[in-house]
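Step one of this worksheet: look at the structure below.
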2 protein chains.
Amino acid sequence: MRQKAPRIGGPSASERANVKKKNRDLKEECIREGLKIIAKDGIGKLSLREVARRLGVSHQAPYKHFASRDHILAVIVARSFDAFARHLDRHPKTDDPDADMGKMGQAYLEYARRHALEYGLMFNTPLPDGRKHPEMMANAKHAFALLCDALRRKALQRGGALDDEAVMLDALFIWSGLHGLASIAASSTVDTLGIAPPILARSPMHLLRRFSQAMDTPE
Amino acid sequence: MRQKAPRIGGPSASERANVKKKNRDLKEECIREGLKIIAKDGIGKLSLREVARRLGVSHQAPYKHFASRDHILAVIVARSFDAFARHLDRHPKTDDPDADMGKMGQAYLEYARRHALEYGLMFNTPLPDGRKHPEMMANAKHAFALLCDALRRKALQRGGALDDEAVMLDALFIWSGLHGLASIAASSTVDTLGIAPPILARSPMHLLRRFSQAMDTPE
DNA sequence: GCCGAAATGTTGACACTGACAACCTGACAG
DNA sequence: CTGTCAGGTTGTCAGTGTCAACATTTCGGC
């Protein structure tokens, strides 16, 4: 076909042809580039055409790996939930459910602080429909499930009947606090609320201490 | 100019001309219609062209009232923050800071439950740049400020020095829990976590009780 | 009452997007 | 060697946001 002159913007067709099919994983490159776009300009700027341009392929090439824009977004979010779940699972269960929850709480807030973008994507973003993308939500419940498990183990250690409703209510209480503080750390809410960095730095330990105080009060 | 035949879709130019300029507030109509679109199809589907079609005006008419799509979104979010602030201000301050915080907590969670869409817009949505739209964030801090105020009054009643850092840390603790639970109520997270409606219904009182327990433990 | 300015509509145009269709090329299995 | 498949390509269409220029209505000053 006619050799096109290189255009302003992305590489020309001839330049793209020089990128070998072999030795490349375009699907993974699209995911990485997509996350870069989101990180820099926000989710609204995620565009498969822009991803294609940056990777030196045609505008349709990403659509051979992702059915739609929502599909690549679902993969990015699923990867975030998976990484989050693995991060929380680093601490093995011990015989001390309180210590387990303390460690899990720290891990939760640490993940949100270190991976603010991914945390924001999981929880503070309108996501593609979970029913159309069930794999995206496969690990979404993991943190909450770990909390429920630890609270059950704690209740059983205390003896008495296992009150599942009480477990759920306390899991909600703890998860809400963790999620609320994590959301602050993962977004510009910290600036909105005018919280000084030393305060934010101390808030995880303060939150966990208040959790202990609340949970140690008999009902 | 030539009379156009009515087109499939929105009203034709001739039909639109029949809508008098008098007796209409197109700006407010755009805001209401925009919120309807967001409520039904999500923020990604907010489109000024669609707003214009539904209101029977040309695609450019909304742009005479809003500089851009982000500007109408900023107004919608600002209105939500304002309404939220007014809702929280309904309860007057008393001599009992604990009771004040309890009432405010209930009002907070009630707003999120009754106005899930607006709550989600304020906190779980990528917003236009707050620096470009400072009026959007004018009331964003109100809830947190009320908490700080009540905690200061409580500390002063107890006597002793006013530790502003302790006040901020506890305000963060309480706000995080309120925001976390409100976010659950205002989004599909409740389905994600698999929380039964009776549990969710009881969770506000449970959260507030746990707050009291945590706060009544001397440090 | 007239006139100019402002407000707020209109039509038209452009660059960009998402996604569909059809075609092309290289790899691979039989 | 041939057919199929994977994964590229070019082209197209419908829609969007936003800019420009023009038109109409309203309003204030004289």
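Chain letters run A, B, ... following the sequence lines, proteins first, then strands; residues in each count from 1.
In terms of the side-chain contact (heavy atoms from CB on, under 4.5 Å) criterion, residue partners of H115(A) (sequence neighbours excluded) are, by chain and number, Y111(A), E118(A). Listed by chain and number, the residues in a side chain to side chain donor-acceptor pair (under 3.5 Å) with T94(B) are D100(B) (sequence neighbours excluded). Listed by chain and number, the residues in a side chain to side chain donor-acceptor pair (under 3.5 Å) with K93(A) are D149(A) (sequence neighbours excluded). In this structure L109(B) satisfies the side-chain contact (heavy atoms from CB on, under 4.5 Å) test together with L178(B), L181(B), A182(B), P204(B), L207(B), sequence neighbours excluded.
Put simply, CZ on F66(B) is 16 Å from P on dA7(C), counting in whole angstrom units. One atom, CG of D41(A), and another, P of dT17(C), lie 12 Å apart when rounded to the nearest Å. As a whole-Å value, the separation of K27(A) NZ from dA6(D) P is 13 Å. Here the P atom of nucleotide dT8(C) and the CG atom of L55(B) are 15 Å apart, to the nearest Å. In this structure, K64(A) atom NZ and dA21(C) atom P are separated by 11 Å, rounded to whole Å. Counting to the nearest Å, the P atom of dG26(C) and the CZ atom of R24(A) are 16 Å from each other. The NE2 atom of H71(A) sits 15 Å away from the P atom of dG18(C) (whole-angstrom rounding). Between L26(B) atom CG and dG9(C) atom C1' there is a gap of 9 Å when expressed in whole angstrom units.
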Could you run through nucleotides 14-19 of chain D and give me one letter per nucleotide, 5' to 3': B if any protein heavy atom sits under 4.0 Å from the base, S if only the sugar-phosphate is that close, - if neither? --BBBB

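Phosphate contact (OP1/OP2 of dA6(D), side-chain N/O of H65(A), threshold under 4.0 Å): absent.
Using a 4.0 Å cut-off between charged side-chain N and carboxylate O, R32(B) and E29(B) make no salt bridge.
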For a quick test of your reading: what N or O donor-acceptor pairs under 3.5 Å do the side chains of residues 187-201 of chain B make, sequence neighbours left out?
unit_1  : atom_1 : unit_2  : atom_2 : d
S187(B) : OG     : S183(B) : O      : 2.8
S187(B) : OG     : T189(B) : N      : 3.1
S187(B) : OG     : T189(B) : OG1    : 2.7
T192(B) : OG1    : S188(B) : O      : 3.2

